Amino acid sequence: MLKLLPVFRIIALLEGISYILLLFIATPIKYIYEDPQYVKLLGMPHGVLFMAYVVMAVLISSDMKWTTRTFWMVLLASIIPFGTFYIDHKYLTKSRRA
């Protein structure tokens with residue numbers, strides 16, 4: 001399953017970017033300019049990436065030897081802006097160096 005680590009890192013990056021775009025660009029445009037098209041455009045891809053992130057985290061957690069606390073931190077990071085970038089730096093790149 002560690003073969004899935006590069007895929008998980010890409011999904012984490014894309015999920016983080018889509019969340020930031022949705023939260024800090026699309027949502028303000030929706031409410032300030034009353035234009036929901038960007039939320040509609042980004043919402044579905046972000047939802048799919050979010051689900052893929054969670055599934056991939058579950059799949060690789062045992063191979064990564066994450067503690068229960070680390071696993072929950074990885075999951076929690078997906079709902080915190082910039083959280084997936086932190087997880088990539090703290091937990092995912094470290095495993096490549098080891």
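Bear in mind that the values here come from a model prediction, so they are computed numbers and not experimental data. Counting from 1, the numbers follow the sequence of the chain as shown. Just the heavy atoms: all of them, side chains too, but no hydrogens, waters or symmetry mates, feed the values below.
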Can you find a pair of side-chain heavy atoms, one from Lys65 and one from Thr70, that are under 4.5 Å apart?
no

Listing, residues 38-55 side-chain donor-acceptor contacts under 3.5 Å, not counting sequence neighbours, or none:
residue	atom	partner	partner atom	Å
His46	ND1	Ser18	OG	2.8
Tyr53	OH	Val74	O	2.9

Verify same cluster id: Phe8, Ile17 (apolar side-chain graph, 4.5 Å):
no

Is any side-chain heavy atom of Ile29 closer than 4.5 Å to a side-chain heavy atom of Gln37?
no

Taking Leu13 as the starting point, is it possible to reach Ile80 by hopping between hydrophobic residues whose side chains are less than 4.5 Å apart?
no

Taking all heavy atoms of Pro81 and all of Leu23, pick out the closest pair and write down the distance.
CG-CD2, 3.4 Å

Co-membership, hydrophobic cluster, residues Ile79 and Leu21, 4.5 Å side-chain
no

Check Phe71 against Ser61 and note the closest heavy-atom contact, atom names and distance.
CD1-CB, 3.7 Å

Any chance you could measure Thr84, atom OG1, to Ile11, atom CD1, to the nearest 0.5 Å?
11.5 Å

Please answer whether the main-chain N or O of Ser78 pairs with a side-chain N or O of Tyr19 as donor and acceptor at a distance below 3.5 Å.
no

Does Thr27 have any side-chain hydrogen bond (donor to acceptor under 3.5 Å, both in side chains) partners at least two apart in sequence or in another chain, and if so, which?
none

For Ile20, which residues count as a side chain to side chain contact (heavy atoms under 4.5 Å, CB included) partner, sequence neighbours excluded?
Phe24, Phe82, Phe85

Just wondering, do Asp88 and Thr93 contact through their side chains at under 4.5 Å, heavy atoms?
yes

